[in-house]
Amino acid sequence: MLSLTKKITLLAIVGTLMATLSFGQDEKMRDDYPYPEWREKEYSDFVKKKNQDQQDRFLDKKYTHPAKPKHKTEIALHGGILHINGDVHPRSPLPGFGFGGHIRRSLGYVFSVRGSVALGTTYGQNWQDANGFYVEDTRNRALTGGSSYDQFNEDIDGDGTVDTPSYGLGDLYVYNYKTDIREAVISGIINLNNIKFHRRRNIFNWYGYGGVGGLLYNTKMNALDANGQEYDWNSIVNGDKWEDREANLDIINDVLDDDYESQAERHFDDIGGIFGDQFTYQPTVHAGTGVQFKISKAINVGLDTKITITRDDLLDGQRWQEWGALTRDFDTYSYTSLHLNFNLGGKTSVEPLWWMSPLDYAYTELRDIEDVLPPDPYKLEDDDGDGVPNEFDDE
């Protein structure tokens, strides 16, 4: 089975192949894209009305810089691998999948803003058993029969009572989870390679970003079998050394059903809030990087990876160490995705500015400077021979 690292490596290889195809376009296509000519009066059609005064002064040689052109907005669909970095190992080989969309708008040639939404489901499965969830029935009440969790669980065996896990002292458990994630974020993006000194057009785009957002999540466990009974983990798992990992996972996968029926431990101060009883809300910060490859002026594809930081240790439903303390770190989650991007806008708007070089106009002027004929040298005339040039001679 492919590991998570191999999966991400495979995505990177796909991205490299896309880059190779993009760079395979001939040089003429790269340099002769139909952009408006910056020095022609028709360029005024590409300028917003509020910037027309600057453009008019520029064309009349009364101002040094042309106005910023109207530019398109990028919208996108994306999907990829989603996994939690927590106290429970992500499921192998594919921990989970997410998808969503974004809208991105340029604020200049380097900086842009992107709003994005995504949802997905990710899974985790440990291979070692544990009993740190139980100390006098006061730790993980979701596993030890806390009645407050009855409201989230169901009657599995049909006997008229809610089935909530009730693992006791001396019982073992192997942590697992299924987490549903919903997020909305806003990111500030810094473009890193569109200021070109030796090439006019950019068909490859590399960027980094960071931002803030909000997360809704709900975590379930596969703690009961199809009859609503606790699994006998004491007899299921054998060995806790690394070499036992594959064998234990095979046994676990054979025993477990596919129903994550039980609510995992959660924060009760969030219950009944504006997001209801199902999901827990957490504010987040995130950082990431990505690359884009131009297919045409209207379409490009991208590969993006983002890590999201929370102040929550229950994304994977587990926060207890075996010796009684809470685990050290909060949970984070990662999303590595492929993007299909579209540039939307009118005929008199250029591509998003991160695809364009702000040096374009200046380099065009430098290239054509040899076509500019300098005036003849100025000669001072003195018609009456009195030593005073005509321009300054009162006679």
Side-chain angles (χ1 to χ4, degrees), residues 8 10-25 29-30 33-36 46 68-82 97-120 183-196 199-211 213 286-308 334-358 360:
I8 295 175
L10 182 60
L11 280 175
I13 293 172
V14 172
T16 303
L17 290 174
M18 287 190 291
T20 303
L21 292 173
S22 296
F23 281 105
Q25 301 176 77
M29 179 182 177
R30 271 202 292 265
Y33 252 59
Y35 286 87
F46 290 82
K68 184 169 70 174
K70 292 184 289 186
H71 47 95
K72 292 179 170 63
T73 298
E74 177 185 276
I75 65 169
L77 299 174
H78 53 76
I81 296 174
L82 178 69
F97 186 78
F99 65 94
H102 78 240
I103 181 168
R104 180 180 174 188
R105 181 70 177 170
S106 176
L107 301 182
Y109 291 90
V110 174
F111 189 75
S112 58
V113 175
R114 184 175 73 183
S116 180
V117 295
L119 63 157
E183 70 165 18
V185 301
I186 185 167
S187 310
I189 301 178
I190 297 178
N191 192 60
L192 301 175
N193 72 324
N194 69 321
I195 301 178
K196 296 293 186 182
R199 178 175 293 160
R200 187 181 187 193
R201 301 302 177 215
N202 190 25
I203 64 170
F204 167 78
N205 185 12
W206 177 38
Y207 58 86
Y209 62 91
H286 63 271
T289 186
V291 293
Q292 292 177 298
F293 308 96
K294 182 184 292 184
I295 296 176
S296 70
K297 282 187 65 179
I299 301 175
N300 64 86
V301 294
L303 178 65
D304 188 288
T305 185
K306 171 172 66 75
I307 183 167
T308 301
S334 302
Y335 180 44
T336 300
S337 54
L338 291 173
H339 290 231
L340 180 60
N341 307 309
F342 303 91
N343 299 329
L344 301 183
K347 293 182 179 179
T348 56
S349 57
V350 300
E351 291 179 81
L353 296 184
W354 59 83
W355 287 112
M356 301 182 67
S357 172
D360 195 7

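V113 has its side chain within reach of I186: a pair of non-hydrogen atoms, C-beta onward, lies under 4.5 Å apart. Using a 4.5 Å heavy-atom threshold, the side chains of V185 and H102 count as separate. Counting heavy atoms from C-beta outward, V291 and F204 have side chains that approach closer than 4.5 Å. Counting heavy atoms from C-beta outward, W355 and K297 have side chains that stay 4.5 Å or more apart. Annotation: side chain of L353 is in contact with side chain of P69 (closest heavy-atom distance under 4.5 Å).
For the atom pair CG (L107) and CH2 (W354), the distance works out to 9.5 Å, reported to the nearest 0.5 Å. To the nearest 0.5 Å, atoms OG (S337) and CG (L303) are separated by 7.5 Å. Summarising the geometry, atom CD1 belonging to I103 is positioned 6.0 Å from atom OG1 belonging to T73; distances are rounded to the nearest 0.5 Å. Summarising the geometry, atom CH2 belonging to W206 is positioned 8.0 Å from atom CG belonging to N193; distances are rounded to the nearest 0.5 Å.
Applying the side-chain hydrogen bond (donor to acceptor under 3.5 Å, both in side chains) test to N194 and every residue at least two apart in sequence or in another chain returns N191. H78 pairs by the ring pair (Phe, Tyr, Trp, His ring centres under 6.0 Å) definition with Y335, H339, not counting sequence neighbours.
K72 places a side-chain N or O within donor-acceptor distance of the main-chain N or O of S349, the cut-off being under 3.5 Å. A donor-acceptor pair under 3.5 Å is absent between the side-chain atoms of N343 and the main chain of E351, judged by distance alone. Judged by distance alone, with hydrogens and angles left aside, the side-chain atoms of T289 form a donor-acceptor pair with the main-chain N or O of Y207 at under 3.5 Å. Side chain of S187 to backbone of I189: no donor-acceptor contact under 3.5 angstrom is found. When atom types are taken as modelled, the side chain of D304 and the backbone of G288 share no donor-acceptor pair closer than 3.5 angstrom.
For the 3.5 Å distance criterion, the side chains of S112 and S106 fail to qualify, holding no donor opposite an acceptor.
The neighbour count for F97 CZ, taken as heavy atoms of other residues, nucleotides or ligands under 6.0 Å away, is above 12. In this structure, I190 places its CD1 atom where only 12 or fewer heavy-atom neighbours from other residues, nucleotides or ligands lie under 6.0 Å away.
When all heavy atoms of G208 and L192 are compared, the closest pair comes out as N-CD1, 4.2 Å. Contact detail for M356 and Y109: the closest heavy-atom pair is O-CD2, 3.5 Å.
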> Could you go step by step and tell me if I203 and N300 meet the side chain to side chain contact (heavy atoms under 4.5 Å, CB included) rule?
Replying inline: CA-CA 9 Å; I203 64 170; N300 64 86; over 6 Å; no

> Stepwise, does the side chain to side chain contact (heavy atoms under 4.5 Å, CB included) test hold for H71 with V350?
Replying inline: CA-CA 5 Å; H71 47 95; V350 300; 4.0 Å; yes

